[in-house]
Q: 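Let me give you the structure first, and then I'll get to my questions.
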Amino acid sequence: MPNKQELLDLQFIEARHKLLDLAAFLDRVDRHAGAEDFRFSAMKSTLPILLEDRPDRAKVILEALSDPSIEPIPQAAFQGAFGASQNSKSKI
Amino acid sequence: MRYIEPHAHMVSRTTDDYEKLALSGCEVVCEPAFWAGFDRSSADGFHDYFRQLTEYEPKRAARYGIKHFSWLCINPKEADDPVFAREVMGLIPQFLKCPTVLGIGEIGLNKNTRNELAIFEEHVQLALDHDLPILIHTPHLEDKLKGTRLTLDSLANFSHLDRAKVIIDHVEEHTVSQVLDAGYWAGMTLYPDSKCSLDRAIDILEIHGPERLWMNSACDWGVSDPLAVPKCALQMKRREHTAEAVERVIYQNPRDFLSQSARFVI
Ligand SMILES: [Zn+2]
């Protein structure tokens, strides 16, 4: 397995690129007219997880963006998914 | 490098893709029945689809030296109308006799509705009645965690189910442990946006080990990459996984799971 230095050599530029893309996305939504919705606040509420000293940040972010309810629903209002939950626990 | 693509929706792909798969070392493609991007209006639509899966695709794949197998069901997106779903399910037994049909799949939940759950359980019973392996889809994005829990709770009620003959697909970091800890197989889907990236799938492998895990492209009519599995194999190599470790996850593991169907002869 590669050590930390080798992983940084392999993937730092790619991760830096993704970080900048996320920063630019937040700027872009802020800059444009209209109202945000639950997806944007759910995304922003997960950002502090990135700075936590823990081994499972991806898992915790996925959980924060998940529907926290547990019972099957009577009927689906639509077929697709949004990527964040309207009832998300992660709301600031 | 040889590999098995254990989950691909080739009815949605062009023949060029079979050539690309063959050039990349793909020896076997397995195709679960799924949603074709729009709802079919009659059970006859499914009858034609099941014929396509069992008659046409094996021939198209064979022209590129690839073996093609299939799984049958009515997918969760079209299973929310139980009367219609049961009509389609009535067609399945006649197709189970086809020599390339491996089992029941991909069944499961989409929006986690009561009807989806009822039809899921009827499919599980159908598989048990015919002693067949089961391939289970888990929902997308925010619905995945809840859907995986509901699926596991439901399966726990089937006391005669052999968990080693069930694979729960599309796991991610927040669902993989629950699936593996309960004794099922787990599939990681390599998707451009909505499921695992190549690197995240490799992270999951490194953290959980290769036992009862496979990876697939689930390439279909949407934005997806039929070469995701060999690309992930290359990324494993770049991350210093041995050739044996790569072969295990892209060839031996799917072969071991799929060989539980007597039809899976390669
Ligand atoms: Zn699929």
Side-chain angles (χ1 to χ4, degrees), chain A residues 1-18 21-22 25 37-43 45-46 49-50 54-91, chain B residues 35 37-39 75-81 109-118 120-121 139-151 153-154 171-178 193-207 222 235-236 238-242 245:
Chain A
M1 290 293 120
N3 63 29
K4 286 182 169 57
Q5 199 62 53
E6 288 162 338
L7 260 187
L8 287 165
D9 289 347
L10 189 65
Q11 299 194 311
F12 177 77
I13 296 294
E14 185 187 335
R16 178 184 185 274
H17 165 78
K18 289 174 182 167
D21 246 0
L22 174 60
F25 173 68
D37 66 23
F38 67 96
R39 294 170 295 181
F40 198 61
S41 43
M43 177 181 274
S45 74
T46 64
I49 297 167
L50 297 176
R54 56 188 308 156
D56 56 354
R57 298 179 187 90
K59 172 176 180 260
V60 175
I61 288 176
L62 282 165
E63 286 168 349
L65 296 174
S66 294
D67 177 1
S69 70
I70 51 174
E71 292 298 323
I73 57 173
Q75 241 181 347
F78 57 95
Q79 285 281 22
F82 293 117
S85 172
Q86 312 234 31
N87 342 306
S88 173
K89 282 185 209 156
S90 67
K91 273 188 196 137
Chain B
W35 189 57
F38 65 98
D39 290 350
N75 66 85
K77 278 196 183 177
E78 287 168 282
D80 202 36
D81 173 353
L109 305 176
N110 176 50
K111 293 304 293 178
N112 302 323
T113 71
R114 288 184 201 140
N115 284 342
E116 289 170 6
L117 198 55
F120 167 72
E121 290 175 348
H140 305 284
L141 302 170
E142 73 271 21
D143 298 316
K144 185 182 298 293
L145 183 61
K146 174 180 176 181
T148 303
R149 286 176 178 156
L150 288 171
T151 299
D153 288 349
S154 165
V171 299
E172 293 179 62
E173 289 88 340
H174 58 328
T175 56
V176 62
S177 293
Q178 299 163 57
D193 294 327
S194 60
K195 295 186 174 77
C196 277
S197 66
L198 307 184
D199 275 306
R200 285 174 49 214
I202 299 169
D203 293 335
I204 290 173
L205 264 179
E206 289 177 354
I207 291 165
Q235 188 65 3
M236 285 178 76
R238 293 179 76 214
R239 287 173 57 173
E240 299 181 21
H241 289 244
T242 63

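Model, not experiment: these values are computed from the prediction. Chain naming here is simple, since letters A, B, ... match the order of the sequence lines and numbering starts at 1 in each.
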Q: Using a cut-off of under 4.5 Å for heavy-atom pairs, which of A:E71, A:Q75, A:E6 has the most such pairs with chain B?
A: A:E71

Q: Does the distance from a Lys or Arg side-chain N to an Asp or Glu carboxylate O, for B:R239 and B:D203, drop under 4.0 Å?
A: yes

Q: Within a strict 4.5 Å, meaning less than it, do heavy atoms of the B:I204 and B:C196 side chains meet?
A: yes

Q: Before accepting this row, confirm whether a basic side-chain N of the pair B:E116/B:K111 lies closer than 4.0 Å to the acidic partner's carboxylate O.
A: no

Q: What option among B:T113, B:D143, B:L117 has the most heavy-atom pairs under 4.5 Å with chain A?
A: B:T113

Q: For A:L50, is there any backbone N or O sitting under 3.5 Å from a side-chain donor or acceptor partner on A:R57?
A: yes

Q: Between B:R238 and chain A, which part of the residue has a heavy atom less than 4.5 Å away: side chain, backbone, both or neither?
A: both

Q: By a 4.5 Å heavy-atom criterion (distance strictly below it), what part of B:K77 contacts chain A: side chain, backbone, both, or neither?
A: both

Q: For the backbone of B:L150 and the side chain of B:S154, can you confirm whether one donor and one acceptor N or O come within less than 3.5 Å of each other?
A: no

Q: Does the side chain of B:E142 come within less than 4.5 Å of A:Q86's, by heavy atoms?
A: no

Q: Pick from A:S69, A:A58, A:A77: which one has the most heavy-atom pairs with chain B under 4.5 Å?
A: A:S69

Q: If you count heavy-atom pairs under 4.5 Å with chain A, which of B:L141, B:I207, B:L109, B:D80 comes out on top?
A: B:L141

Q: Can you tell which part of B:N115 gets under 4.5 Å to a heavy atom of chain A, answering side chain, backbone, both or neither?
A: neither

